[in-house]
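Contents: one structure, followed by commentary.
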Amino acid sequence: MIKNIWFARLTLTTLAALTPSNIDVKITDENVEPIDFEEDVDLVGVTGMMMHAPRAYEIARRFRQREIPVVMGGPHASSLPLEAKQHVDAVVIGEAENVWGGLIEDFKKGCLKPFYQAPSFCSMERLPFPRLDLLHKDAYMTINCVQTTRGCPHQCDFCHVTHFFGKTYRCRPVDEVIEEVKRLEGDFLVFIDDNIAGNRRYAKELFTRLKPLKKKWASQASMTLTRDPELLKLAAESGCVSLFIGIESLSSENLKDVNKSFNQVHQFEEAIKAVHDHDILIVAGLIFGLDHDDEGVFEKTLRFCERNRIELPSFFILTPLPGTALFQRMESEGRLLHKDWSQYNGATVVFKPRLMTEETLQRGFNWACKEGYSWGSIFKRVCHPQQRFVTRVLSNIAYRSIAQRTPEGYLPSLSRILQRMNDTIPLQNTRDLIQRVGEKIAEKKLLIGQKAADTLKLYSIYNERLKTLFVRLEGSMDRDGARELVERLKGALHSNIQKVILDFKDVGAFSSEAVALLSRKGLLQTEEGRLWIAVNPPGILG
Ligand code: B12
Ligand code: SF4
């Protein structure tokens with residue numbers, strides 16, 4: 001089943017292509033076949049993502065026992081070369097294009113250096129085509145993988161790409177990409193770029209040139225692609241059938257925190273619809289455990305995927321990868337639980353979340369993976385009148401087989417209550433509203449006029465560690481609004497909640513009845529040691 005969605009990385013096929021042709025090369029991808037540790041070889045190269053590091057070191061140990069030198073490269077070794085060097089004979093830091101030939105020469109002379117790092121990023125012109133012939137074709141959904149660009153113009157805090165490629169975004173000449181695509185067997189391929197639409201002008205040219213080849217392709221792109229209708233149309237016309245898009249979070253605060261504000265939450269639904277309108281299937285990356293995520297995040301995110309018919313939601317637990325800004329932050333805040341890299345796999349909690357416990361995050365993630373690929377959820381997401389129904393169902397079945405391996409999870413008990421808490425309360429009666437007194441009346445008036453003339457919005461998050469519910473109120477409040485607020489707070493009361501903090505700063509107007517009701521219920525009190533604490537309570541009484 002996994003084979004149905006698994007494609008080959010270009011790492012080792014690229015290295016093989018860079019190797020002088022008089023040297024025999026064999027590729028073993030341990031994802032799909034066992035390693036022959038007795039193989040008669042002169043030099044071993046290992047690669048891997050961070051979570052593969054312990055295994056890579058073990059592989060190195062086995063070959064070095066036989067006195068076969070081992071070289072390691074890839075994202076992990078490049079971020080932590082000193083660590084890697086303890087396990088191998090030489091470490092390649094960064095791209096291999098400009099150093100691999102020299103390394104082989106050194107090896108032949110018996111003088112391998114401990115570290116190899118090119119002084120600059122390689123040119124994207126005339127890169128040799130990867131040696132796809134060295135892969136076991138039948139072990140993958142496809143071996144037709146092509147890279148058109150390296151890097152990404154964005155700098156999301158959790159992503160390793162910007163760190164590795166040093167904020168560069170380099171494009172291969174379109175002619176060379178087209179030539180490589182033409183040589184592929186079959187009509188489906190994967191562009192393994194991190195963001196295929198990072199340079200719109202380049203992407204438009206590429207897609208236009210791809211059209212006549214009549215291939216189908218899948219790739220990754222950032223949300224920004226959906227904001228250019230011409231680009232999206234060209235992508236579809238050139239054969240794009242599936243895109244991995246990093247939505248990451250439904251909270252603007254989270255996105256801001258991780259430097260991904262170019263993802264605009266209020267545009268998500270429209271953007272997803274635009275992609276669907278072009279008959280492109282969406283694999284959505286969604287992260288749990290960001291600093292504004294509370295127990296409500298799991299169900300909220302899954303229901304969002306169902307409502308928007310996201311074909312393949314991919315849930316991840318936030319993972320701080322060495323080299324990234326996120327890792328530095330977590331480390332300086334003392335929030336990393338350990339450095340067992342094998343657990344840094346996107347499915348295991350390796351840090352202290354801010355608003356929930358490690359266990360809640362792990363179980364909630366497990367729940368989302370299992371529930372998201374339950375038949376009921378699959379049905380809600382795939383049953384819509386679009387083409388490629390069979391592809392949608394089959395890929396969901398494959399994802400389901402992976403999801404079923406996830407350990408048991410559960411939906412935190414507060415989840416639904418927290419979601420209900422955040423629904424907007426409509427105002428019935430705006431006539432008797434009294435402007436809030438304070439320094440910023442004019443500003444407030446504007447706020448009321450523009451944003452919240454007839455609603456009371458609730459933004460609440462629950463901090464499981466502090467057992468406190470924070471509720472920020474925004475808009476205006478009449479008697480019915482106040483009643484509804486009291487009702488919701490009662491509903492939210494849970495044995496675990498020890499304190500509720502209500503922030504009235506952004507409530508621009510109250511009716512006198514609302515204030516009276518809130519006072520009667522004790523919701524305007526500001527003393528510590530009580531269940532409720534009001535912050536910025538209204539300065540009016542009347
Ligand atoms: C394709 C891909 C996948 C595929 C992998 C399919 C497969 N068969 O394994 C899929 C979509 C499944 C995937 C999944 C994941 N991926 Co991924 N993936 C990629 C991607 C986009 C392209 C990889 C590739 O082919 N690159 C092209 C080759 C040519 O580049 P390269 O690998 O960097 O190799 C060059 C150099 O590094 C160097 N080099 C590398 N190895 C070696 C070894 C030697 C000996 C030498 C000399 C040189 C050398 O030489 C090469 C030429 O210059 C990369 C991003 C990227 N741009 O690389 C992320 C990337 C590798 N993935 C990443 C991550 C985190 C994951 C996941 C853990 C995500 C998650 N949270 O679940 C999972 C793990 C899946 C798993 N179980 O293995 C991270 C790794 C970060 C890290 N520090 O480890 C990357 C960098 C993306 C990112 N956003 O940060 N991924
Ligand atoms: S948009 Fe995607 S690839 Fe680019 S930096 Fe952000 S997460 Fe990484």
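Numbers here are sequence positions counted from 1. First listed ligand is number 1; within each ligand, the first listed atom is number 1.
Here is the list of ligand 1 atoms found below 4.0 Å of a heavy atom in G346: 71 (N). Heavy-atom proximity to L321, at under 4.0 Å, picks out these atoms of ligand 1: 81 (C). Atoms of ligand 1 found under 4.0 Å from any heavy atom of T14 (numbered from 1 in listed order, with element): 29 (C). Close contacts of ligand 1 with W100, meaning ligand atoms under 4.0 Å from a residue heavy atom, involve 47 (C). For ligand 1 and G94, the ligand atoms under 4.0 Å from any heavy atom of the residue are 36 (C), 37 (O), 38 (C). Every atom of ligand 1 with a heavy atom of F165 under 4.0 Å away is listed here by number and element: 57 (N). If you number the atoms of ligand 1 from 1 as listed, the ones under 4.0 Å from a heavy atom of V71 come out as 45 (C).
Residue contacts with ligand 1, taken as heavy atom pairs separated by less than 4.0 Å, involve L10 via backbone and side-chain atoms alike. Contacts between T319 and ligand 1 below 4.0 angstrom, taking non-hydrogen atoms only, are absent altogether. Residue contacts with ligand 1 for I192 involve both N, CA, C or O and side-chain atoms from C-beta outward (heavy atoms, distance under 4.0 Å).
For atom 54 (C) of ligand 1, the nearest protein heavy atom (residue, atom name, distance) is D194 OD1, 4.1 Å. The closest protein non-hydrogen atom to atom 70 (C) of ligand 1 is F316 CE2, 3.3 Å. The nearest protein atom to atom 4 (Fe) of ligand 2, hydrogens excluded, is given as C152 SG, 2.2 Å; this is a heavy-atom distance. Nearest non-hydrogen protein atom to atom 83 (N) of ligand 1 is H160 CD2, 3.4 Å. Counting protein heavy atoms only, atom 87 (C) of ligand 1 is closest to V161 CG2, 4.0 Å. Of all protein heavy atoms, the one closest to atom 39 (N) of ligand 1 is G74 N, 3.5 Å. Among protein heavy atoms, the minimum distance from atom 8 (Fe) of ligand 2 is reached at C159 SG, 2.4 Å.
Residue K204 places its NZ atom among more than 12 non-hydrogen atoms of other residues, nucleotides or ligands, all under 6.0 Å distant.
For atom 67 (C) of ligand 1, the choice among M49, H163, H76, R150 with the nearest heavy atom turns out to be M49. Scanning F7, F244, Y140 for the heavy atom closest to atom 6 (C) of ligand 1 points to F7. Taking each of M50, R9, M51 in turn, the one with a heavy atom nearest to atom 76 (C) of ligand 1 proves to be M51.
In this structure, F288 and F365 have perpendicular ring planes: the angle between them is above 60°, well past the 30° mark.
At a cut-off of 3.5 Å, with distance as the only test, a side-chain donor of H160 or S79 sits close to an acceptor on the other residue. Side-chain contact of S377 with E306: a donor-acceptor pair under 3.5 Å is present, judged by distance alone.
Heavy atoms of V46 approach ligand 1 to within less than 4.0 angstrom.
Within the coordination shell of atom 4 (Fe) of ligand 2, defined by N, O or S atoms under 2.8 Å, H154 is absent.
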Quiz: residues 218-225 side-chain donor-acceptor pairs under 3.5 angstrom, not counting sequence neighbours:
residue : atom : partner : partner atom : Å
S219    : OG   : F191    : O            : 2.8
Q220    : NE2  : D193    : O            : 3.0
S222    : OG   : N195    : ND2          : 3.1
S222    : OG   : T224    : OG1          : 2.7

